[in-house]
Structure formats: structure tokens, C-alpha cells
Amino acid sequence: MPKKEQIKLAMFKPGDATQKKELPFYTDRISAGFPSPAEDHIEKKLDLNELVIKHPSASYFVKVTGDSMKNSGINDGDVLVVDKSLSAVDNDIVIAVLNGELTVKRVKRSRKDLFLVPENPEFEPIKITPEMDLIVWGVVTAVIHRLK
Amino acid sequence: MKNIFALVDCNNFYVSCERVFAPAFENRPVVVLSNNDGCIISRSKEAKALGIKMGEPFFKCERTLKEHGVKVFSSNYALYGDISRRVIDTLRQFSPDIEIYSIDEAFLLLDGIDQGPDRGYAHLIRDTVKKWTGIPVSLGIAGTKTLAKIANERAKHDASLNGVLDITQMDGATIDELLRSTDIEDVWGIGFRWANFLRKHRIDTAYALKKADTSWVRRHMTVVGERTAMELNGISCLSLEKAPAPKKQIVSSRSFGKPVSTLTEMNEALSYYVTRASERLRREGSVASAVQVFITTGSFGKDAYFNMASGRLPAPSADTSSFIRISKALMEGIFRKGLSYKKCGVIISDITSAQGAETDLFAGNYRNSKKEDLSRAMDSINKKWERDTVSFASNGRERKWVMRRGFLSGRVTTRWDELPVVKA
């Protein structure tokens with residue numbers, strides 16, 4: 001096929017008279033009068049990420065299905081912020097791996113046992129036995145619950 | 001001052017990424033397939049133990065995989081890219097000097113950092129990456145990058161090392177022993193051809209290359225080979241490359257899920273790839289003027305056909321529609337009827353920064369900023385909603401040719417509507 005470069009001469013056609021061309025005349029507006037009194041006090045915008053995420057590279061969002069955590073303010077359909085960099089302590093709400101599934105529960109430690117506790121009277125606490133090999137996937141640090 | 005390099009390499013990276021959100025497959029055999037579900041590109045330890053080979057075509061081993069209950073995933077680059085970024089971000093807290101070497105490897109400079117007793121720092125890096133991102137990594141530490149690579153390889157395969165091997169803590173005799181048991185093919189920078197050449201000259205191991213006559217190495221393998229030999233001797237020749245070199249060219253190309261034989265479909269696929277490539281161009285704040293288009297039947301014998309055509313835009317641009325127009329013109333020149341094609345692609349080159357891009361006085365204006373604005377507006381819509389929410393009609397709607405990805409997991413870290421689900 002003919003090479004496109006070889007027909008570059010075609011570019012010399014006169015421009016379409018109706019076509020407007022905008023050329024930059026000045027780049028910045030120079031305003032007359034007084035500068036805004038707020039100018040020295042301009043701060044960055046608030047970012048929700050900053051409020052709910054401490055460790056961005058270790059934080060994940062997950063979606064909740066089910067009602068077992070209802071009384072802790074975690075509802076079906078909510079989005080949770082999970083921080084994997086944190087180590088779970090007693091009473092934390094965590095994402096745990098249970099039978100290969102990710103599940104959200106509160107961890108409670110009694111004198112000798114460890115429990116995953118739901119926050120809904122219709123559900124039973126789960127006692128962690130040694131053969132269950134519990135893995136804490138991450139610690140829940142925030143709940144995003146939409147009202148509308 | 002002596003350098004200390006740590007090479008951090010993610011173990012079976014793609015498989016590990018899948019397991020972060022599918023913990024049920026921990027300790028079970030898992031493989032990830034290449035684009036188009038073609039062949040195996042990542043294997044878990046358990047899958048390796050079953051004798052499944054890297055690069056094995058999926059159709060050949062599909063049955064074996066099924067018999068052994070191996071979990072199969074299509075490649076999910078949205079997920080791997082996001083997790084890769086997280087691993088790198090996590091590593092940044094351990095050293096200000098870091099080189100991203102590939103999607104699953106990074107060099108860290110540990111000069112002047114207190115390593116603590118018993119390679120404590122290396123283990124801290126390893127444990128932190130695992131905890132924060134869920135990805136297991138191995139570390140090789142040495143005074144040169146080439147030695148760090150070898151150390152890493154060993155750390156990965158010798159379970160007794162717990163994922164860390166520090167050559168700087170070893171005496172000369174132990175290092176030599178390690179190099180003696182490292183095949184020449186496994187030395188960083190020694191490609192297939194050089195390995196063959198070296199084996200012919202009885203240089204079979206890293207150790208043999210280390211001890212080889214320097215002038216002989218330089219004569220036969222240029223300064224590149226000499227550098228490798230010096231690095232094996234502990235003399236650092238390759239420094240950390242912190243800033244990635246600006247891209248020289250952008251390639252967008254995939255194999256089709258189903259062979260394509262009409263020009264209409266081919267142009268749809270082409271303009272889809274052109275869209276992707278020019279998106280990337282804009283993301284980097286660049287413009288380009290050279291375009292190459294290629295197609296192949298991917299077969300041998302009488303239906304073998306490969307062709308490519310190149311063209312040039314009148315002025316550097318980042319506008320999708322300009323690239324689509326010229327690419328289609330080029331495609332018409334090389335497309336032959338009666339063949340079924342496996343692959344097409346586009347290569348955009350002559351890339352320069354959008355600022356100060358030279359302008360052609362005769363190209364009817366400098367750059368067509370209005371068209372570029374349109375492309376940018378489309379980018380922001382597609383970023384906000386979903387890729388291809390708006391696209392040029394030339395991309396087609398049916399897209400019978402798109403990649404086969406039969407075992408794809410969700411884009412769990414990059415899409416609100418595909419988040420991982422937890423049971424309450």
C-alpha cells in the first residue's frame with residue numbers, strides 16, 4: 001500500500017474559512033483590585049478517605065451480607081473498611097476466615113476460650129476450637145451505612 | 001560505600017492474589033491462566049507438586065486439573081495490578097530507595113539501615129507485607145543485584161530459610177557453594193543464547209562465570225556479560241533505577257477469543273485496542289504521532305499470514321478518533337479476505353510529553369485540542385462509571401472477539417459493585 005508520509009503535500013490546502021481557530025492570547029488572568037482576603041487561608045478539601053483509612057495499602061472494602069451483626073450497627077448491604085495491618089485485640093470486630101469463608105464477628109476472649117460473637121440474639125456465639133485454625137483476615141475499622 | 005540490595009519477590013504472585021479473597025483455596029492446588037485462558041502462568045506450591053508445568057496449554061492439562069480438583073482462575077489484571085501497588089506502597093516504609101522491577105518484584109536499597117540481629121529487618125519486611133497485603137514474599141539480600149537475585153531464588157525454594165537469604169552474612173566459601181549449585185541459565189541477564197554458548201565452553205554454573213577470565217568474557221559477551229561476571233564477584237555494577245524510563249511505545253494487542261475473518265469485526269477489535277492505547281497515552285500526559293498496525297493468523301503452513309503497516313499523524317496527538325481513523329486506513333491495506341485471524345494489535349510510538357510537543361505549522365493548526373478534550377471527557381466518564389460507558393461506535397457493541405476468561409474472579413479491589421462479600 002502507498003505510504004501515508006509520501007502524500008504529505010496534501011496538507012497545504014487552504015483552511016476552511018468558516019472554521020474558527022482558538023489561539024491562546026494570555027494564559028493567566030490578571031485581576032485588578034484587591035486580592036481575596038481568603039487567599040492566604042486556602043486549605044485542601046476534606047477527604048473522607050483520610051477520616052476512615054489509616055493505612056491505605058493495607059485497607060480493603062468488603063460488603064456485608066446477613067444480619068448477625070445488626071446490633072453493632074453493621075447491617076445487610078453495608079460496606080466495611082477493613083485494616084489488615086492491625087492485630088486484633090479482645091472485643092474488636094474482625095473479618096475472620098471460617099470454613100474458607102470470610103465472616104464478620106466480634107472476637108471475645110474468656111479466661112481460656114476464644115469466641116466469635118454475633119451481635120444479634122438470634123445467632124449463637126461460635127467457640128473456636130484448636131482444630132478450627134482461625135485466621136483473622138483483618139480488623140474492621142469503620143462501617144459505611146447509606147441512609148438514602 | 002558498599003551497597004546492600006534486597007530483592008523482594010512475591011511468591012506465585014497471581015495465585016497469591018486470588019487467595020487473598022478466596023481463603024478457601026489456601027493449601028489447595030490453584031493455577032492462573034494467561035490471557036484468553038491459553039496456558040498456565042502461575043501455579044501454587046500444591047499445583048507444582050502435581051507436576052503441572054509452567055506455560056502448559058490449558059486444553060492439554062484441563063483433564064488432569066479436573067481430576068486433582070485444581071482450582072483454575074483466568075487472569076484478573078485489575079486485581080493483580082492493585083495488589084502489586086499495595087505491596088510496593090507497603091515496602092516503601094522500609095527503604096526510601098526502591099526500584100519496581102516488575103509486577104511482582106522490587107529492589108530495595110538497605111544501605112545504612114540497621115538490619116538487627118538474625119536478619120530481623122528482612123523478616124520484618126516479609127511479615128509486614130504478608131500481614132498488610134496478604135501476599136507472601138521472599139527476600140534475597142546481597143551487595144549486588146545479580147547476587148540478590150540468586151539469593152532470592154534460593155530463599156524461595158529452600159523451606160528451611162523461611163523466605164530470607166542474606167548473602168552479606170555469608171563467608172566466601174559458603175557463597176561459592178551457593179554459586180556452584182546455581183545453573184548458568186538461572187543467572188540474571190544470561191539469556192537462552194548466552195547460556196548455550198557458555199555451556200559449550202564448560203561454564204555451567206554461576207560460580208564458573210564468576211571465575212571465568214574477564215577479558216574472555218568481555219570479548220565474547222561484551223560489557224554486558226562482563227558486568228554480570230563482576231556482579232557475581234560482589235562488585236556492584238547495576239545501580240538502583242528509581243524512576244521508570246518514559247515509555248518509548250505503547251502496545252495494545254490481544255489474541256481473539258474466537259478467530260476473526262471479516263474486516264468489520266477486525267476493525268471493531270482494532271479500534272477497541274486503539275482506544276485502550278490512546279487512553280494510556282493520555283494518562284501519561286503524552287502525545288504521539290507514529291502508528292503501527294499488525295495482524296496475524298497465528299498459524300503455520302498455507303494459512304500463515306502476518307503483516308504490519310505504519311503511518312503517521314500530521315501532528316502529535318492524544319486523540320482517540322485520530323488514532324482510530326489512521327489505524328483503520330492502515331488495516332485496510334493489510335487485511336486479506338478468506339483468512340481467519342487470531343490476533344491484531346496497534347503500536348503507538350514517537351511519544352513525547354504533551355507539554356511542548358512540537359507543532360507542524362502546516363498541519364492545519366498545531367494539535368487539535370478540541371478533539372483531545374473530547375477524549376479526555378470520555379476518559380473521565382469511563383473512570384467514574386465503567387470502562388467503555390462511552391466509546392466510539394467503531395469499537396462495535398457485540399464484540400464476539402473479546403478474550404475468553406471463563407474463570408475470572410471479581411475486580412474486588414477496584415469496583416464498588418464487585419466488592420468481596422463477608423457473611424454476617
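Here is how names work: the chains are called A, B, and so on, in the same order as the sequence lines, proteins then strands, and each is numbered from 1.
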Enquirer: Check whether B:T133 gets within reach of chain A through its side chain, its backbone, both or neither, counting any heavy atom under 4.5 Å.
Expert: both

Enquirer: In sequence, state the C-alpha distance, the side-chain angles, and the governing distance for B:W132 and A:Y60, and then conclude on ring pair (Phe, Tyr, Trp, His ring centres under 6.0 Å).
Expert: CA-CA 10 Å; B:W132 284 42; A:Y60 292 95; over 10 Å; no

Enquirer: A:L86 versus chain B, heavy atoms under 4.5 Å apart: side chain, backbone, both or neither?
Expert: backbone

Enquirer: For chain B, which candidate among A:S85, A:P118, A:G66 shows the most heavy-atom pairs at distances under 4.5 Å?
Expert: A:S85

Enquirer: Evaluate whether atom NZ of B:K130 has more than 12 neighbouring non-hydrogen atoms of other residues, nucleotides or ligands under 6.0 angstrom away.
Expert: yes

Enquirer: Is any residue of residues 87-96 of chain A within less than 4.5 Å of chain B by heavy atoms, and which ones?
Expert: A:S87, A:I95

Enquirer: Kindly determine whether B:V422 and A:V104 satisfy side chain to side chain contact (heavy atoms under 4.5 Å, CB included), including the steps that lead there.
Expert: CA-CA 6 Å; B:V422 298; A:V104 54; 4.1 Å; yes

Enquirer: Roughly how far, to the nearest 0.5 Å, is the CG atom of B:D417 from the NZ atom of A:K63?
Expert: 8.5 Å

Enquirer: If we ignore hydrogens and angles and just use 3.5 Å, is the side chain of A:T65 paired with the main-chain N or O of B:K423 as donor and acceptor?
Expert: no

Enquirer: Please, which pairs that meet ring-ring contact (aromatic ring centres under 6.0 Å, His included) have at least one residue in residues 62-117 of chain A, sequence neighbours excluded?
Expert: none

Enquirer: Side chain from CB out, backbone as N, CA, C, O: work out which of these in A:V79 comes under 4.5 Å of a heavy atom of chain B, or both, or neither.
Expert: side chain

Enquirer: Where on B:I88 is there a heavy atom nearer than 4.5 Å to chain A: the side chain, the backbone, both, or neither?
Expert: neither

Enquirer: Report yes if some heavy atom in the side chain of A:L102 is under 4.5 Å from a heavy atom in the side chain of B:P23; otherwise report no.
Expert: yes

Enquirer: Given a strict heavy-atom distance threshold of 4.5 Å, which part of B:V20 is in contact with chain A: side chain, backbone, both, or neither?
Expert: both

Enquirer: In terms of heavy-atom pairs under 4.5 Å with chain B, which of A:A58, A:S57, A:G100 leads?
Expert: A:S57

Enquirer: Taking side chain as everything from C-beta outward and backbone as N, CA, C, O, which of these in A:V97 sits under 4.5 Å from a heavy atom of chain B? Side chain, backbone, both or neither.
Expert: side chain

Enquirer: Working to the nearest 0.5 Å, report the span between OG1 of B:T90 and NZ of A:K84.
Expert: 11.0 Å

